[in-house]
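Just so we're clear, the structure is a prediction, and the values are computed from it rather than from any experiment.
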Amino acid sequence: DDTNITSSVDFNTTTLYKNGTLTLTFQPSHYGLHTLKVVANDSLFETSFTWNLDIRWHNNPPQLQDFYPLESEISMTVGDIRRFSINCTDEDAGDMNNISIEWYLDETLLFSGYNHIDYIPTTGDVGTHILNVTVRDWKGGVCGHEWTVVVEAKQNLPPLIDFNKSTPN
């Protein structure tokens, strides 16, 4: 690539461990394929060795801290409203500013962007469904949660007739 990482080590001021270990710490801007060449020389001789490096960033995926409702199966009636919510963290610095949250009902995207959704089933929703939330960070880490939601039709009760009430003659 076009990025060169250049360093030199002055052995007069730097300690080289007896086992020959030299530790390099890379920054996010160093991602990708690079060549590392180590050259040792004195006033008479020079030797070198070259390695190909693939620098990758370790990613801790987001983690769910809690979710609501706590039950894995939720029963609802057409027209009810129920809030589903999650709270998550990501221990990688900056990732919480770069996450996406997506809500799916039966694998169809309903909504994205917020840590909660208010679900109001209609008559077309009667039956059993899977409500899923997926949280992704910008480095590919993923976590999520799902609920089974059972939607029942509203009971249309017949009008109540009181036969004990006297009727006028």
>> If you apply the rule side chain to side chain contact (heavy atoms under 4.5 Å, CB included), what do you find for Leu131 with Leu110, and how did you get there?
In response: CA-CA 10 Å; Leu131 179 67; Leu110 289 178; 4.1 Å; yes
>> Quick one, Val78 with Val126, criterion side chain to side chain contact (heavy atoms under 4.5 Å, CB included). Give me CA distance, side-chain angles, the key distance, then yes/no.
In response: CA-CA 7 Å; Val78 169; Val126 171; 3.7 Å; yes
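Closest approach of Gly141 and Pro61 over heavy atoms only: CA-CB, 3.8 Å. In plain terms, the two heavy atoms of Arg82 and Pro69 that are nearest each other are NH2-CB, 3.3 Å.
Remark: Thr77 OG1 to Lys154 NZ distance equals 8.0 Å, nearest 0.5 Å. The CG atom of Leu105 sits 12.0 Å away from atom CH2 of Trp147, with the distance rounded to the nearest 0.5 Å. Distance check: Ile130 CD1 to Thr108 OG1 gives 12.5 Å after rounding to the nearest 0.5 Å.
Within the 4.5 Å cutoff, side-chain heavy atoms of Arg136 are placed close to those of Glu102. Within the 4.5 Å cutoff, no side-chain heavy atoms of Val133 are placed close to those of Phe67. Side chains of Cys143 and Pro62 form a contact here, defined as non-hydrogen atoms less than 4.5 Å apart. With contacts defined as side-chain heavy-atom distances shorter than 4.5 Å, the pair Val142/Thr134 qualifies. Annotation: side chain of Thr35 is in contact with side chain of Thr50 (closest heavy-atom distance under 4.5 Å). With contacts defined as side-chain heavy-atom distances shorter than 4.5 Å, the pair Ile99/Cys88 qualifies. Thr148 has its side chain within reach of Thr128: a pair of non-hydrogen atoms, C-beta onward, lies under 4.5 Å apart. Contact of the Asn98 side chain with the Asp137 side chain is not registered, since no non-hydrogen atoms from C-beta on lie closer than 4.5 Å.
Thr89 and Gln65 form a side-chain donor-acceptor contact under 3.5 Å, judged by distance and modelled atom types alone.
Taking Ile, Leu, Val, Met, Phe, Trp and Tyr as hydrophobic and joining them when side-chain heavy atoms fall under 4.5 Å apart, one finds Phe45 in a cluster with Leu44.
Hydrophobic clustering (ILVMFWY, side-chain heavy atoms < 4.5 Å, transitive): Ile74 and Val151 are in one cluster. With hydrophobic clusters built from ILVMFWY side chains whose heavy atoms lie under 4.5 angstrom apart, Leu64 shares a cluster with Phe84.
No side-chain donor-acceptor contact under 3.5 Å links Trp103 to the backbone of Leu109.
In this structure, Glu46 places its CD atom where more than 12 heavy-atom neighbours from other residues, nucleotides or ligands lie under 6.0 Å away.
Applying the ring pair (Phe, Tyr, Trp, His ring centres under 6.0 Å) test to residues at least two apart or on different chains, the pairs with a partner in residues 107-131 are Phe111-Tyr114. Counting only residues at least two apart or in different chains, side-chain hydrogen bond (donor to acceptor under 3.5 Å, both in side chains) contacts with residues 66-75 comprise Asp66-Asn87.
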